[in-house]
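Report on the following structure.
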Amino acid sequence: MKKIDLRSDTVTLPTQDMINAISHADLGDDVFNEDPTINHLEELAAKTFDKDEALFVPSGTMANLVAILSHCQRGDEVILGDQSHTFLYEAGGISAFGGIHSRQLLNQQDGTIEIEDIKNAIRKDDVHFPPTRLICLENTHNRCLGMPLSVDYTNSVAKIAKNNSLGLHVDGARIFNAAVASSVSVSDLTEKVDSVSFCLSKGLSAPAGSLLCGNRDFISKARRNRKALGGGMRQAGILAAAGIVALENMTDRIIEDHNNARALAEGISNIEGIIINPDVIKTNIIYFSLDHSKINSELLLGKMLEKNIHFFELGPSWFRLVTHAGISEDDINFVIGEFDRILS
Ligand SMILES: *Cc1c(COP(=O)(O)O)cnc(C)c1O
């Protein structure tokens, strides 16, 4: 029985093109800036996002940590969403390693933070307060229904940042999903932001790696911070080779994941006990709740596992399903059928 793994798009495996690229990659020592494949990937990323430079890092978590360390000093404050990945799921790294204070503002259902809330959170110059230095957004927003943030919204936050001499960083782990969902380019989405990180290892199917893009000064600081965190890798071109294939060949197919997610949401929306609004599904992440008279969470997960269907319960009776390159339309139909069989 095929394993249908809907836990995350991080479970994607490298494509045959990636394996081929890895085995033929030109390599060198990247800490000396001498790995031609890394250099190529960084140039490609910078060009794709229309920024001066880019930096390859092992993970999205390190990309955000390096970014925030490069924008802020110890004791500075960063404004971010209370549902943001950086606040919830990055082991508190910005505080633990950077001494950076976080100001968590309410994330709306669509992943935005109210503009007024941001304005009101910016500190006055007063010895009592940590100086506000940076605003972080997340696009698409993982916890907020995989929602894409719009160009307009991002630009309006960028304007506030600029008017208050703050930096703006976008955690764009899934920014290609946002671009596809909104029919814009990633450079449109990040034109006015100071830095953006994105993952190669999620919807783009590369085995590992993320990039951080920004201006020349910022990336040179980031390069030093990456080294300090132990993220300077040597012949990491074997990873970058897959990353180049990811950027060149894997962004257009994301639309399939969105169509599959939408079909899955619609397919399960009429099944007894499942609470979901398929109209809010814009990208590859679905959340649903379970309220069934006979089947509880444990039973549902157990019965799905018998069919080799894997997903998580994120909160009490609250579940997430993520589509990706390893999930086909047939898989979606099979999964809908199993939900129906178990719950009806
Ligand atoms: C996955 C993710 C990250 C972190 O990426 P890792 O490569 O898993 O460290 C950061 N931000 C968001 C929104 C994510 O979904």
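Ligands are counted one by one from 1 in listed order, and the atoms in each one are counted from 1 as well. As the structure is a prediction and not an experimental result, all values here were calculated from the model.
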Looking only at side-chain N and O atoms, does H85 offer a donor or acceptor that is under 3.5 Å from a partner on D171? no
Distance under 4.0 Å, heavy atoms only, partner ligand 1: which residues pass? S59, G60, T61, N64, H85, E90, E138, N142, D171, A173, R174, C199, K202
Taking only distance into account, with no hydrogens and no angle test, what donor-acceptor pairs under 3.5 Å do side-chain atoms of residues 311-319 form with protein atoms, sequence neighbours excluded?
from	atom 1	to	atom 2	distance (Å)
E313	OE2	S297	OG	2.7
E313	OE2	S317	N	2.7

Can you list everything that forms a salt bridge (Lys or Arg N to Asp or Glu O under 4.0 Å) with D194? Sequence neighbours excluded, please. none
With side chain to side chain contact (heavy atoms under 4.5 Å, CB included) as the test, pick out the partner of M147 among V280, T140, N142. V280
Quick test of your reading: applying side-chain hydrogen bond (donor to acceptor under 3.5 Å, both in side chains), list the pairs with at least one residue in residues 12-28, sequence neighbours left out, ordered by first then second residue. Q16-N20
I'd like to know whether NZ of K2 has more than 12 heavy-atom contacts from other residues, nucleotides or ligands below 6.0 angstrom. yes
